[in-house]
Amino acid sequence: MNLILLGAPGAGKGTQAMKIAERYGLVHISTGDIFRENIRNGTPIGNLAKSYLDKGELVPDEVTCEIVKDRLARPDVRNGYLLDGFPRNLYQAAALDTFAKIDGVININIDQSLLLERICGRRTCKQCGEIYHVSMLNGAENCPRCGGELFQRKDDNPETVASRLNVYNEQTAPLIDYYTKKGLILNFTGTEAPAEVLFEEIRSALDGLGKRP
Ligand code: AMP
């Protein structure tokens, strides 16, 4: 099963992606994570991507599409993958159509007035990748699950978040229509309900998808 995860920044894609990938044995491919890793390692791709991430803008399409195409050519994706953060616009979606066969698109809708607070309070574990909100941590500086160090993403600040939301509304939101017309969209509401509740809804829809003729 090859899936795409769509949703505004802060809609809870990262948390759901980890759960979905684990449940269905899919390879989780996050273009944001790939760029952040390249930036950490000082690679040519990282050096190019850094200024775009810092401003909350999209890394150029040709570079991004090439990275995903190469990643999907690796043998470990044979049993399925989950694309998280790709495609981000219609150009990337059209490119993806030329080298991938997608079975479903999970779209997490969210009230955007909730997002700023949600994103700016986000903390991620360096070790296991678990994502928290500061309000859940009671001042803890380490991951309650594995003890790893928690960090705040550099682009999780009010200015960059505003730019990321603009990019989402102008460039990424049209993909909902694009995949609805292809009959691939699965819509969910990412409210303040616990992540487990949303995951149960997604799981039930994906189990149905697997049974389609
Ligand atoms: P994310 O972790 O998905 O929120 O992505 C963080 C940042 O990485 C974005 O704000 C972009 O600068 C960059 N990025 C991630 N995915 C893409 C993509 N598909 N196309 C272009 N830029 C991307």
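In what follows, residues are counted from 1 in the order of the sequence shown. Atom set for the values below is all heavy atoms of this structure, side chains included, hydrogens, waters and symmetry mates excluded. What you see is a predicted model, and the numbers here were worked out from it, not measured in a lab. Read the numbers this way: they start at 1 and go in the same order the structure lists the ligands and their atoms.
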Query raised in the report: So do the side chains of Tyr132 and Pro144 get within less than 4.5 Å of each other, counting heavy atoms only?
Result: yes

Query - Heavy-atom side-chain contact between Leu206 and Tyr24 under 4.5 Å - result: yes

Query raised in the report: Should Gln112 and Leu165 count as side-chain neighbours, where that means a heavy-atom distance under 4.5 Å?
Result: yes

Query raised in the report: Does Asp33, backbone or side chain, put an N or O under 3.5 Å from an N or O of ligand 1?
Result: no

Query raised in the report: Sub-3.5 Å donor-acceptor pair from the side chain of Gln152 to the main-chain atoms of Cys120, do we have one?
Result: yes

Requested in this report: State, yes or no, whether a side-chain contact exists between Leu184 and Asp103 at a heavy-atom distance under 4.5 Å.
Outcome: no

Report task. Examine Glu57 against ligand 1 and note whether any of their N/O atoms are separated by less than 3.5 Å. Result -> yes

Requested in this report: Examine Phe35 against ligand 1 and note whether any of their N/O atoms are separated by less than 3.5 Å.
Outcome: no

Query - Under 3.5 Å side-chain donor-acceptor pair for Asn166 and Ser163 - result: no

**Report entry** Short side-chain to backbone donor-acceptor contact, His133 and Glu117, under 3.5 Å
**Finding:** yes

Report summary line: ligand 1 to Leu58, heavy atom cutoff 4.0 Å, flagged ligand atoms 21 (C), 22 (N)

Report task. Among Arg164, Arg118, Arg123, find the one that has a side chain to side chain donor-acceptor pair (under 3.5 Å) with Asp156. Result -> Arg164

Requested in this report: Within a distance under 4.0 Å of any heavy atom of Thr64, pick out the atoms of ligand 1 and give their elements.
Outcome: 18 (C), 19 (N), 20 (N), 21 (C)

Query raised in the report: Does Asp155 reach ligand 1 with a nitrogen or oxygen that is under 3.5 Å from one of the ligand's nitrogen or oxygen atoms?
Result: no

Query raised in the report: Going by the order shown, which atoms of ligand 1 are within less than 4.0 Å of some heavy atom of Arg36?
Result: 2 (O), 6 (C)

Query raised in the report: What protein heavy atom is closest to atom 16 (N) of ligand 1, reported as residue, atom name and distance in Å?
Result: Thr31 OG1, 2.8 Å

Requested in this report: Report yes if some heavy atom in the side chain of Leu48 is under 4.5 Å from a heavy atom in the side chain of Val59; otherwise report no.
Outcome: yes

Query raised in the report: Which atoms of ligand 1 sit under 4.0 Å from any heavy atom of Gln92?
Result: 18 (C), 19 (N), 20 (N), 21 (C)

Report task. Measure the distance from atom 8 (O) of ligand 1 to every protein heavy atom, then report the residue, atom name and distance (to 0.1 Å) of the closest one. Result -> Leu53 CG, 3.5 Å

Report task. Looking only at protein heavy atoms, identify the closest one to atom 19 (N) of ligand 1 and say how far it is in Å. Result -> Gly85 O, 2.9 Å

Query raised in the report: Is Val59 touching ligand 1 with its side chain, its backbone, both, or neither, if touching means heavy atoms under 4.0 Å apart?
Result: both

Requested in this report: Could you pull out, from Lys50, Arg88, Lys55, the option with a heavy atom nearest to atom 10 (O) of ligand 1?
Outcome: Arg88

**Report entry** Sub-3.5 Å N/O-N/O distance, Ser30 and ligand 1
**Finding:** no

Query - Nearest candidate to atom 4 (O) of ligand 1, where distance is taken over non-hydrogen atoms, out of Lys13, Arg153, Gln171 - result: Arg153

Query raised in the report: Side chains of Asn38 and Thr43: do they bring a donor and an acceptor to under 3.5 Å?
Result: yes

